[in-house]
Amino acid sequence: MINKQIESFLQESSNPLIVILGPTASGKTDLSIKLAQRFSGEIVSADSRQIYKYMDIGTSKIKDTERKGIAHYMIDIIDPGTEFSVYDYREMAISCIDKVKWKGRTPFLVGGTGLYIDTVIYNYSLSPCVVTGVRDKLEEEYKNKGAKYMYDKLRSLDPFAARKIHPNNYHHLIRALEVYISTGRSKFGQSKKDKSGYDLFLVGINIDRDNLYERINRRVENMFDDGLVEETKKLVGMGYSTNLSSMSSIGYKEIIAMLGGEISEQECLLLIQKKTRNYAKRQLTWFRKNKDIIWI
RNA sequence: GGCCCGGUAGCUCAGUGGUAGAGCAGUGGACUGAAAAUCCUCGUGUCGGCAGUUCGAUCCUGCCCUGGGCCA
């Protein structure tokens with residue numbers, strides 16, 4: 001069924017990109033391997049955690065033996081201590097897609113990070129991450145003067161952005177101020193979603209909620225059996241800690257809390273399961289607004 | 001068999017003679033330099049059952065069902 005559709009899609013398009021998306025534990029990996037085999041494809045990952053080296057179990061990274069000889073990109077590309085931004089992702093992913101095309105193969109973009117996917121399939125205008133120190137200063141100011149002060153500041157500088165950001169949303173607030181102060185323009189000034197140059201075929205994996213949650217619960221249990229705790233210990237031993245965005249991923253953060261004696265092993269397991277369920281729900285919220293997705 | 005304490009939202013429980021509310025879970029949503037991050041929204045349920053008292057009972061009384069504890 002989906003094979004037929006892809007077949008005719010590929011015949012008609014000159015610049016195809018097949019996207020496979022869905023919440024965690026929905027079976028993206030299996031489907032992508034099958035389709036890549038069928039359509040001589042190669043896979044570009046759109047997963048914000050699998051980019052990190054050494055974080056395998058907690059991110060359900062695909063194993064070499066499971067790849068069936070299909071080339072994968074954007075996995076294991078950076079060290080957990082390295083800063084990585086959406087801008088970096090977009091640049092690298094697009095060049096990977098180009099590479100797959102030059103090889104005469106079909107590019108598959110597969111993953112669950114909605115922002116990363118959108119960044120590639122729409123023409124997001126992102127600018128490189130320039131460290132100017134503005135952010136540090138803003139964070140310092142936030143700590144000293146509080147949320148309300150900072151929000152008022154944004155309101156007077158960039159009322160349009162302020163209207164779109166909730167006062168409690170720390171990350172968004174800081175970023176909006178940073179953009180305005182360092183560029184003199186609103187963060188939302190260029191928020192236009194134009195289609196990218198690719199011919200897109202979007203496949204979403206849909207599972208009913210109860211089933212999905214059961215799969216998630218089981219997957220987390222398996223992670224414990226497979227050595228998530230040991231993997232986390234190893235990462236901590238290498239000097240990576242929770243203040244890194246890599247290590248604040250679901251799973252690692254909770255294990256670290258358990259190792260620190262803050263929660264019991266049972267609590268830790270339940271917490272990770274819950275956080276993962278909540279995450280899956282957020283992913284679905286993101287995907288739902290894209291009306292071009294064909295759900296299977 | 002007797003005595004005591006419970007039975008209220010999926011779970012843990014609070015509460016009032018004028019038909020009820022928190023936490024957790026869950027739901028819907030936002031998102032363009034951390035995105036597995038960050039943030040917002042949403043609480044009607046035979047108040048265990050039946051009968052009685054009352055203008056009115058989830059709240060008082062009686063009986064029954066049911067969970068736990070103590071004494072025999």
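Lettering follows sequence order; numbering is per chain, from 1. Note that the structure is predicted; figures quoted are calculated from it, not measured.
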Asks: Identify the stems formed by RNA chain B, where each pair is Watson-Crick or G-U wobble with both distances under 3.5 angstrom and a stem is at least 3 consecutive pairs.
Replies: B:1-7 with B:65-71, B:10-13 with B:21-24, B:28-30 with B:38-40, B:48-52 with B:60-64
Asks: Report the residue (A:V86 or A:Q50) whose heavy-atom-nearest nucleotide on RNA chain B is the more 5′ of the two.
Replies: A:V86
Asks: Hey, can you pull the residues of residues 217-238 of chain A with a non-hydrogen atom under 4.0 angstrom from RNA chain B?
Replies: none
Asks: Less than 4.0 angstrom between a side-chain N/O of A:R277 and OP1 or OP2 of B:G26, yes or no?
Replies: yes
Asks: Looking at the side chain of A:K253, which of B:G26, B:U32, B:U38 is the nearest nucleotide?
Replies: B:U38
Asks: B:U12 and B:C47: how far apart are their C1' atoms, nearest whole angstrom?
Replies: 16 Å
Asks: Classify the ring geometry of A:Y89 against A:F84: parallel below 30°, tilted from 30° to 60°, perpendicular beyond 60°.
Replies: perpendicular
Asks: For RNA chain B, find the residues of residues 53-62 of chain A with a heavy-atom distance under 4.0 Å and give them by number; none if there aren't any.
Replies: A:G58, A:T59
Asks: Taking only the side-chain heavy atoms of A:S85 (C-beta and beyond), determine which of B:G33, B:A30, B:C39 contains the nearest atom.
Replies: B:G33
Asks: Got a donor-acceptor contact below 3.5 angstrom from the A:R215 side chain to the A:A25 backbone?
Replies: yes
Asks: Run through A:K99, A:K68, A:K101, A:K103 and flag the one making a salt bridge (Lys or Arg N to Asp or Glu O under 4.0 Å) with A:E42.
Replies: A:K103
Asks: Should the pair A:Y142 and A:Y170 be assigned to parallel (<30°), tilted (30 to 60°) or perpendicular (>60°) ring geometry?
Replies: perpendicular
Asks: Taking only the side-chain nitrogens and oxygens of A:Y116, find out if one of them lies under 4.0 Å from OP1 or OP2 of B:A35.
Replies: yes
Asks: Please determine, for the side chain of A:N168, which listed nucleotide (B:C39, B:A37, B:G33) has the closest atom?
Replies: B:C39
Asks: Using the C1' atom in both, what is the distance from B:C5 to B:C13, to the nearest Å?
Replies: 15 Å
Asks: If you only use heavy atoms from C-beta on, which nucleotide in B:C39, B:A34, B:C31 is closest to the side chain of A:N169?
Replies: B:C39
Asks: Using the C1' atoms only, state how far B:G56 lies from B:G17, rounded to an integer number of Å.
Replies: 8 Å
Asks: With a cut-off of less than 4.0 Å, is there a side-chain N or O of A:R90 near OP1 or OP2 of B:G33?
Replies: no
Asks: Hey, quick one: are A:L235 and A:L228 part of the same hydrophobic cluster, counting side-chain heavy atoms closer than 4.5 Å, chains of contacts allowed?
Replies: yes
Asks: Taking the side chain of A:R175 as its heavy atoms from C-beta onward, which of B:G26, B:A34, B:G33 lies nearest to it?
Replies: B:G33
Asks: Does A:Y240 use its side chain to pair, donor to acceptor, with the backbone of A:M247 at less than 3.5 Å?
Replies: no
Asks: Determine whether a donor-acceptor pair (N or O, by modelled atom type, separation under 3.5 Å) exists between the side chain of A:E231 and the backbone of A:I57.
Replies: yes
Asks: Show your reasoning for whether salt bridge (Lys or Arg N to Asp or Glu O under 4.0 Å) applies to A:E7 and A:R38.
Replies: CA-CA 10 Å; A:E7 209 168 298; A:R38 174 87 167 64; 3.0 Å; yes
Asks: Atom CD1 of A:I165 to atom P of B:U32: distance rounded to whole Å?
Replies: 7 Å
Asks: Which nucleotide, B:A34, B:U32, B:U27, lies nearest any side-chain atom of A:Y124?
Replies: B:U32
Asks: So, does the side chain of A:K281 form a donor-acceptor pair with the base of B:G28 at under 3.5 Å?
Replies: yes
Asks: Say you draw a straight line from OG of A:S26 to CG of A:L21; how long is it, rounded to the nearest 0.5 Å?
Replies: 8.5 Å
Asks: What's the gap between B:A14 and B:G7 when it is taken at their P atoms, as a whole Å value?
Replies: 7 Å
Asks: Return the 5'-most residue of the pair A:S245, A:R288 with respect to RNA chain B, ranking by each residue's nearest nucleotide.
Replies: A:R288
Asks: Closest to the A:K274 side chain: B:A34, B:A25, B:A37?
Replies: B:A25
